[in-house]
Amino acid sequence: MGLLVKKANYYLGEKEDNIVNQKSKEREFIRLYAFLYSAKKEDKYFKKAKKLIEALRNAPETKDDQQIRTRLQSYAYYYDLCFDKLDETEKKIIQEQILKHIQWLDDKKYLRINNFGGGHHFYANISAIIGCIAIYYEEPSTRETFQIIEKNLKEGFIPFYRYLSCEDGGFHMWWEYSRYYISWICEYGDIWRSATGEDLFKENKWLENTFYFLLYGLRDDLTYWGTGDNHARHTGSVDIAIFEIIASKYKNGYAKYMAGILRKQRRGYPGIDELFNDLLWMDNDVKPQPIETLPLVKEFSRVGAYVFKENWGSAGVTALFKCTPIYFFNHSHRDANSFEIWYKDNLAIDSGYYCNYGSEHWFNYYIRTIAHNTVLIYDPIEKLANWDKIKSNDGGQRFSQSPHEQPSNVEDLKNKVLNVAETQLLQDSEDYALAVGDATRAYSPHKCEMFKRYFLFLKKVKNWNHPIIVVLDKVISTKPEFEKIWLLHSINKPEIKDNLITIKNGDGKLWCYVIKPDDFDIRLVGGKGREFEVNGVNYPLDSNSPHVDKKRVESWAGAWGVELIEKKPDKLTYFMNVLIPTDKESKHPPMVKEIKN
């Protein structure tokens with residue numbers, strides 16, 4: 001509480017207009033001062049909250065649903081926490097503001113829905129129910145809306161997320177977006193418990209499994225994998241909050257341990273939200289339990305993600321193999337049977353950068369198969385369309401042509417129409433782990449009869465000090481002339497010599513031996529002005545996007561890659577590649593040869 005009070009006192013003199021209209025900032029500060037008034041009953045905090053609310057009321061109208069949500073929550077927290085200081089006129093004014101913002105969300109079709117698969121509907125429902133709870137007794141007209149949203153959450157969103165998480169964790173919007181969805185679910189759970197006495201955490205133990213999804217999504221530098229749309233891969237206050245909530249609600253020592261690790265590596269001082277979250281959820285009765293006792297191979301079956309780790313230390317090989325069985329569009333990519341490899345830095349990467357949702361770069365390169373370490377099957381006359389627009393023909397996986405572009409409810413999740421792949425962890429032994437993905441249905445049936453990938457993680461290799469990865473692909477096209485292209489992306493320019501590809505980045509290096517096909521070509525792609533090229537057209541980042549950060553682009557987006565093709569076209573092509581992560585100082589790769597039988 002002491003640090004939170006210090007922060008609040010420090011900003012007491014800050015002009016309200018500098019805070020309002022910064023989306024999350026207005027909610028953060030209004031909640032802070034309203035809470036401190038409620039806890040300490042000091043007028044200075046109420047006065048500051050009131051000034052912020054007045055500035056918010058005088059702010060320009062907005063059509064931004066995110067800003068509508070934060071304003072709605074701001075009014076709700078102020079009304080609820082400062083209720084005893086408001087006269088009847090002030091109460092009526094705030095009630096009207098809450099109702100106005102709930103009505104905006106309702107008018108925009110965010111509340112009366114049957115779409116529980118993603119988008120902003122979930123955030124809108126959480127924000128609206130916070131508003132309904134605040135004025136539930138004073139404004140009976142909210143009760144119908146309250147019941148609609150309660151049904152949405154209990155019979156729609158939560159069952160949808162529960163199905164995907166199941167017994168092993170997993171979330172369909174991958175690590176960047178999953179963090180925020182999970183944190184909002186947890187915050188809603190506590191608000192609901194406070195308002196109704198019902199413990200949603202006890203009823204939804206699957207939430208504990210989401211911690212493991214986040215944990216295994218972290219590499220040794222505590223950044224997340226690049227899978228799916230992501231602006232930021234670094235951990236922050238939202239991750240600490242989730243780990244503390246999971247630790248507190250489920251007495252999970254691993255989550256408590258990781259919350260402590262993230263605090264130690266945090267840059268700078270904790271922000272208001274982090275201090276507030278600590279006050280709500282930090283439970284020091286939960287003893288940290290080191291994660292070194294957890295398995296080094298982890299399967300997230302419903303989302304088709306497999307993580308392979310050399311160790312839990314700071315210098316181990318980590319690999320991700322991904323083949324999602326269900327077709328998702330929102331913040332997901334056309335990347336079935338793809339992989340990433342990390343050792344001391346990004347080596348085999350997901351390329352491209354999330355500059356803007358729906359941008360030319362996003363639609364034509366970033367979310368497409370060509371930006372990932374998987375396989376293309378190129379039919380020069382194929383038309384790949386979504387949102388009724390023709391997109392670049394990258395030779396990759398198709399967009400869904402079902403009545404809606406992704407699952408909306410649990411029934412859709414089970415619908416075979418939206419099932420595009422099969423995946424399984426076949427073996428996890430002392431010496432190796434093997435996963436397999438069949439992504440045949442992820443491609444148009446007019447060009448693909450089979451694409452099956454075996455991802456073999458050799459944990460122990462004689463006379464070698466790190467794991468080695470073998471990727472075996474069986475690809476059958478409907479016509480021999482449809483070129484099949486094996487992709488490998490990197491940050492820096494690869495070196496190619498005979499059948500050996502060398503990728504260097506930071507303190508890490510990746511050797512890739514081409515074993516199959518027997519007669520092949522390796523094409524070097526990328527470079528300045530060609531970083532995100534599809535069929536001779538480069539799709540650069542949107543330079544006007546506020547999300548384009550030069551350092552992040554250099555660290556994540558990549559600019560280079562290789563394309564492996566079979567010289568003699570055939571319907572059936574086998575690709576076999578041996579990937580060897582090592583230190584940048586390593587001079588001599590181990591001998592790799594095919595044993596024929």
Side-chain angles (χ1 to χ4, degrees), residues 221 223 225-227 229-234 333-335 338-376 378 384 391-396 483 485-498 500-512 514 520-565 577 579 581 584:
D221 67 341
T223 63
W225 293 109
T227 305
D229 288 350
N230 57 89
H231 293 307
R233 301 180 190 177
H234 295 100
H333 296 182
R334 311 282 61 83
D335 58 357
S338 64
F339 65 85
E340 296 177 60
I341 298 172
W342 166 278
Y343 176 63
K344 296 188 173 180
D345 216 319
N346 290 301
L347 295 176
I349 67 164
D350 261 16
S351 67
Y353 189 84
Y354 187 30
C355 50
N356 274 325
Y357 191 88
S359 71
E360 287 296 301
H361 171 78
W362 182 87
F363 236 142
N364 289 288
Y365 183 84
Y366 179 57
I367 69 170
R368 306 294 291 282
T369 310
I370 197 169
H372 303 84
N373 301 314
T374 182
V375 167
L376 305 176
Y378 184 67
L384 291 158
K391 304 302 170 187
S392 63
N393 180 7
D394 68 329
E483 188 174 56
I485 305 167
W486 192 91
L487 301 171
L488 181 63
H489 291 277
S490 60
I491 300 293
N492 300 314
K493 185 177 180 179
E495 301 167 12
I496 303 170
K497 184 178 180 181
D498 300 324
L500 179 63
I501 302 161
T502 303
I503 291 170
K504 300 174 185 174
N505 190 30
D507 291 330
K509 180 189 289 186
L510 181 67
W511 284 310
C512 175
V514 178
F520 61 86
D521 272 334
I522 301 174
R523 300 190 294 229
L524 182 67
V525 296
K528 189 172 178 59
R530 302 184 64 186
E531 299 93 337
F532 315 115
E533 191 172 272
V534 183
N535 290 331
V537 178
N538 195 48
Y539 295 95
L541 306 181
D542 179 356
S543 58
N544 295 319
S545 169
H547 304 300
V548 174
D549 178 285
K550 186 178 179 182
K551 286 187 71 174
R552 290 177 179 176
V553 170
E554 290 173 352
S555 299
W556 303 341
W560 293 92
V562 295
E563 296 180 345
L564 171 64
I565 62 167
N577 294 280
L579 298 126
K584 69 176 182 180

(message) If you define the side chain from C-beta out and look only at heavy atoms, does anything of Ile485 sit under 4.5 Å from Arg523?
(response) yes

(request) Would you please say whether a donor-acceptor pair under 3.5 Å links the side chains of Trp362 and Asp229? (result) yes

(request) Classify the side-chain pair Tyr539/Ser359 by whether it contains a donor and acceptor separated by less than 3.5 Å. (result) no

(message) Hydrogens and angles aside, do Asp221 and His234 bring a side-chain donor and acceptor to less than 3.5 Å of each other?
(response) no

(request) Please work out whether the ring planes of Tyr365 and His489 are parallel, tilted or perpendicular, with thresholds of 30° and 60°. (result) perpendicular

(message) Taking side-chain contact (heavy atoms from CB on, under 4.5 Å) as the definition, give me every residue that meets it alongside Asp498, ordered by chain and number, with sequence neighbours left out.
(response) none

(request) Would you please name every residue forming a side-chain contact (heavy atoms from CB on, under 4.5 Å) with Ser490, sequence neighbours left out? (result) Pro494, Ile503, Trp560

(request) Would you indicate whether the side-chain heavy atoms of Leu564 and Leu488 approach each other to under 4.5 Å? (result) no

(message) Under the rule for side-chain contact (heavy atoms from CB on, under 4.5 Å), what residues qualify as partners of Lys391, not counting sequence neighbours?
(response) Phe363, Asn364, Arg368, Lys389, Phe399

(request) Taking the side chain as every heavy atom from C-beta outward, state whether Thr374 and Asp335 have any atom pair closer than 4.5 Å. (result) no

(request) Check the angle between the aromatic planes of His547 and Tyr354 and answer parallel, tilted or perpendicular using the 30° and 60° thresholds. (result) parallel

(request) Would you confirm whether Asn535, through its side chain, and Asn393, through its main-chain N or O, come within 3.5 Å as a donor-acceptor pair? (result) yes

